[in-house]
Amino acid sequence: MVKLEYSPKVEKAIQNDDPIVALESTIITHGMPWPDNFKTAQEVEKVITETGATPATIAVINGVIKVGLEEEIISNLSKTKNVRKLSRADLAHCLLNKDTGATTVAATMIIAKLAGIKVFATGGIGGVHKLAEKTFDISADLQELSKTAVSVVCAGPKAILDIPKTLEVLETLGVPVITFGQSKLPAFWSCDSPFYSPLSLNDPALIAKSHKIREQLSLAGGQLIANPIPKENEIPFREIEPIVNAAAKEAIQNKIIAKEVTPFLLAKINELTQGRSLKSNIELIKNNAKLASKIALCF
Ligand code: PSU
Ligand code: MN
């Protein structure tokens with residue numbers, strides 16, 4: 001059995017059966033620039049603690065799976081360039097080589113499940129990319145949601161993805177997409193989108209209950225919770241869409257492929273919006289951390 005190394009706080013929470021919220025680390029290494037990445041990671045942990053749960057940021061450090069990261073480790077990850085981005089396919093190879101790597105949504109779910117953590121907060125998940133019919137770029141996050149029983153709170157599929165295709169794949173895989181408190185699907189920076197959410201619930205307790213019913217039904221896989229960004233922090237869909245399309249075009253012109261696509265687009269969109277997309281990104285993650293904690297409190 002591969003060993004998980006828990007931080008003292010997470011260890012204590014597990015012993016006391018206290019609510020825990022998992023957090024990914026790719027958002028730190030690949031999703032945001034320094035120093036916003038470090039500041040945000042700290043603020044997100046604070047939101048979770050203040051809501052009454054224990055944060056467990058997950059990463060692989062020198063070949064050891066860590067559940068709960070000390071501030072110094074988060075700070076190092078925030079500053080280090082070229083940290084490995086670990087999805088399901090990369091985990092074993094990273095451990096074998098005693099490498100350091102940041103976990104994506106998929107890898108974080110796998111480790112959260114091993115640690116017995118049922119709720120996970122992030123910003124955005126990977127999905128079906130625009131022009132996937134040409135590139136075949138579909139994130140392993142979607143498959144993971146169909147396999148691993150963790151409820152993942154995100155802010156809805158990012159406009160860098162093909163949203164209808166992402167919803168179709170999730171439906172095929174049997175993943176419930178549950179929007180919190182509204183019928184329209186939020187789209188990351190935008191609290192609204194032209195698309196309806198397949199499902200919706202308006203109470204964190206019901207989201208926890210739905211997770212439990214799925215367990216009782218022996219259904220594999222998790223739930224995807226789409227939590228709308230607060231209106232005052234959003235960039236409306238019609239405003240962000242042309243910017244995203246411009247960034248996507250540049251990615252193709254620059255022959256950006258595979259793991260590089262999402263980080264490239266995020267950085268480009270931040271540049272094109274003069275930092276406004278990053279500000280929204282930070283607020284939506286904190287908002288998701290709060291909802292995830294409320295859900296975790298209901299288990
Ligand atoms: N979306 C964001 N920020 C991120 C990511 C997605 O807004 O940091 C990261 C997450 O870790 C997600 C991963 O799991 O990108 C998906 O990458 P890919 O599309 O290469 O599977
Ligand atoms: Mn991809």
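Remember, it's a predicted structure, so these values are computed and weren't measured experimentally.
- Closest non-hydrogen pair, Pro164 versus Phe195, comes out as CG-CE2, 3.5 Å.
- Put simply, the side chain of Thr29 never gets that close to the backbone of Ala102: no donor and acceptor are under 3.5 Å apart.
- Taking hydrophobic clusters as Ile, Leu, Val, Met, Phe, Trp and Tyr residues chained together by side-chain heavy-atom distances below 4.5 Å, Ile61 does not share a cluster with Leu95.
- Screening residues 84-120 for ring pair (Phe, Tyr, Trp, His ring centres under 6.0 Å), with sequence neighbours left out, gives no hits.
- Residue Lys79 holds its NZ atom at 6.5 Å from CG of Asn76, rounded to the nearest 0.5 Å.
- Qualifying side-chain hydrogen bond (donor to acceptor under 3.5 Å, both in side chains) partners for Ser78, counting only residues two or more places apart in sequence or in other chains: none.
- Taking the centre and axis of the six-membered ring of Tyr196, the NZ or CZ atom of Lys184 falls inside the cone set by 45° and 6.0 Å.
- Using a 4.5 Å cut-off on side-chain heavy atoms (C-beta onward), Thr122 and Ile285 make no contact.
- More than 12 heavy-atom neighbours from other residues, nucleotides or ligands sit within 6.0 angstrom of CD on Glu232.
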Take Val60 and Leu91 through the side chain to side chain contact (heavy atoms under 4.5 Å, CB included) test and state the conclusion after the steps. CA-CA 8 Å; Val60 179; Leu91 264 180; 4.1 Å; yes
Audit row: Lys46, Glu50, salt bridge (charged side-chain N to carboxylate O under 4.0 Å, His left out) steps and yes/no: CA-CA 6 Å; Lys46 196 163 153 246; Glu50 283 171 358; 3.7 Å; yes
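- Ser190 contributes a side-chain N or O that, together with a main-chain N or O of Ile235, makes up a donor-acceptor pair within less than 3.5 Å.
- Distance alone, capped at 3.5 Å, is enough to place a donor-acceptor pair between the Ser293 side chain and the Ala289 backbone.
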Criterion side chain to side chain contact (heavy atoms under 4.5 Å, CB included) on Lys279 and Asn233, from CA distance to verdict: CA-CA 8 Å; Lys279 275 209 187 92; Asn233 304 122; over 6 Å; no
Pair up each side-chain donor or acceptor in residues 5-19 with any protein partner under 3.5 Å, not counting sequence neighbours, and list the distances.
{"from": "Glu5", "atom 1": "OE2", "to": "Lys66", "atom 2": "NZ", "distance (Å)": "2.6"}
{"from": "Ser7", "atom 1": "OG", "to": "Val10", "atom 2": "N", "distance (Å)": "3.3"}

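- Side chain to side chain, Thr103 and Glu24 fail the donor-acceptor criterion of an N or O pair below 3.5 Å.
- Considering CE of Met109 and OG1 of Thr104, their distance stands at 10.0 Å, rounded to 0.5 Å.
- Asp141 contributes no side-chain N or O that, together with a main-chain N or O of Ile125, makes up a donor-acceptor pair within less than 3.5 Å.
- Separation of atoms CG (Leu173) and CG (Leu145) is listed at 8.5 Å; rounding is to 0.5 Å.
- A distance-only check finds a donor-acceptor pair linking the side chain of Gln182 to the backbone of Cys191 [under 3.5 Å].
- Ser280 and Glu234 are not linked by any side-chain donor-acceptor pair at a separation below 3.5 angstrom, with hydrogens and angles left out of the test.
- For the residue pair Phe188 and Gly124, the shortest heavy atom distance occurs at CE1-N, 3.3 Å.
- Between the side chain of Thr135 and the main chain of Asp137, a donor-acceptor pair closer than 3.5 Å is present.
- Residue pairs meeting the ring pair (Phe, Tyr, Trp, His ring centres under 6.0 Å) criterion with at least one member in residues 206-263, sequence neighbours excluded: His211-Phe299.
- Looking only at distances, a side-chain donor or acceptor of Thr40 sits under 3.5 Å from a matching main-chain atom of Asp36.
- A 6.0 Å sphere centred on CD1 of Ile257 holds no more than 12 heavy atoms belonging to other residues, nucleotides or ligands.
- Residues Ala41 and Ile74 come closest through the heavy atom pair CB-CG2, 3.8 Å.
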Please walk me through it: do Lys259 and Asp90 pass salt bridge (charged side-chain N to carboxylate O under 4.0 Å, His left out)? CA-CA 12 Å; Lys259 283 175 187 290; Asp90 314 289; 2.9 Å; yes
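- In the displayed structure, Lys290 atom NZ is contacted under 6.0 Å by at most 12 heavy atoms of other residues, nucleotides or ligands.
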For Asn270 and Asn281, run side chain to side chain contact (heavy atoms under 4.5 Å, CB included): C-alpha distance rounded to whole Å, both residues' side-chain angles, the deciding distance at 0.1 Å, then the answer. CA-CA 10 Å; Asn270 187 30; Asn281 202 342; over 6 Å; no
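- The cluster map of Ile, Leu, Val, Met, Phe, Trp and Tyr, joined by side-chain heavy atoms under 4.5 Å apart, puts Val105 and Leu265 in different clusters.
- Using a 4.0 Å cut-off between charged side-chain N and carboxylate O, Glu168 and Lys165 make no salt bridge.
- Hydrophobic clustering places Trp34 together with Ile282 (ILVMFWY residues linked when any side-chain heavy atoms are closer than 4.5 Å, directly or through intermediates).
- Atom-to-atom distance recorded for Ser139:OG and Leu161:CG is 8.5 Å, nearest 0.5 angstrom.
- Nearest approach of Ala22 to Thr108, heavy atoms of both residues: CB-CG2, 4.5 Å.
- Between Ala112 and Ile58 the shortest heavy-atom distance is N-CD1, 4.0 Å.
- At most 12 heavy atoms of other shown residues, nucleotides or ligands fall within 6.0 angstrom of atom CD in Glu260.
- Annotation for Lys147: atom NZ counts as buried by contact number, over 12 foreign heavy atoms lying within 6.0 Å.
- With contacts defined as side-chain heavy-atom distances shorter than 4.5 Å, the pair Lys158/Thr262 qualifies.
- Rounded to the nearest 0.5 Å, atoms NZ (Lys268) and CD (Glu250) are 4.0 Å apart.
- Here the options are Val150, Thr54, Val67, the test is side chain to side chain contact (heavy atoms under 4.5 Å, CB included), and the partner is Ile117; only Val67 passes.
- Glu133 CD: more than 12 foreign heavy atoms inside a 6.0 Å radius.
- In terms of hydrophobic clustering, with Ile, Leu, Val, Met, Phe, Trp and Tyr side chains grouped at heavy-atom distances under 4.5 Å, Leu224 and Ile111 are assigned to different clusters.
- In this structure, the side chain of Asp99 does not engage the main chain of Cys94 through any donor-acceptor pair within 3.5 Å.
- Paired with Val44 under the rule side chain to side chain contact (heavy atoms under 4.5 Å, CB included), one option of Val21, Ile27, Leu23 passes, and it is Leu23.
- From Ile65, atom CD1 reaches atom CG of Leu86 across 9.5 Å, with rounding to the nearest 0.5 Å.
- Taken together through direct or relayed side-chain contacts under 4.5 Å among Ile, Leu, Val, Met, Phe, Trp and Tyr, Val261 and Trp189 form part of one hydrophobic cluster.
- Between Asn288 and Cys154 the shortest heavy-atom distance is ND2-C, 3.4 Å.
- With hydrogens and angles ignored, the 3.5 Å screen pairs no side-chain donor or acceptor of Ser146 with any backbone N or O of Val175.
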How far apart are the C-alpha atoms of Ile48 and Ile20, what are their side-chain angles, what is the distance that settles it, and do they pass the side chain to side chain contact (heavy atoms under 4.5 Å, CB included) test? CA-CA 9 Å; Ile48 293 172; Ile20 303 174; over 6 Å; no
Donor-acceptor contacts under 3.5 Å from residues 198-208 side chains, at least two apart:
{"from": "Asp203", "atom 1": "OD1", "to": "Ala205", "atom 2": "N", "distance (Å)": "3.0"}

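- Residue pairs meeting the salt bridge (Lys or Arg N to Asp or Glu O under 4.0 Å) criterion with at least one partner in residues 209-220, sequence neighbours excluded, are Lys118-Glu215.
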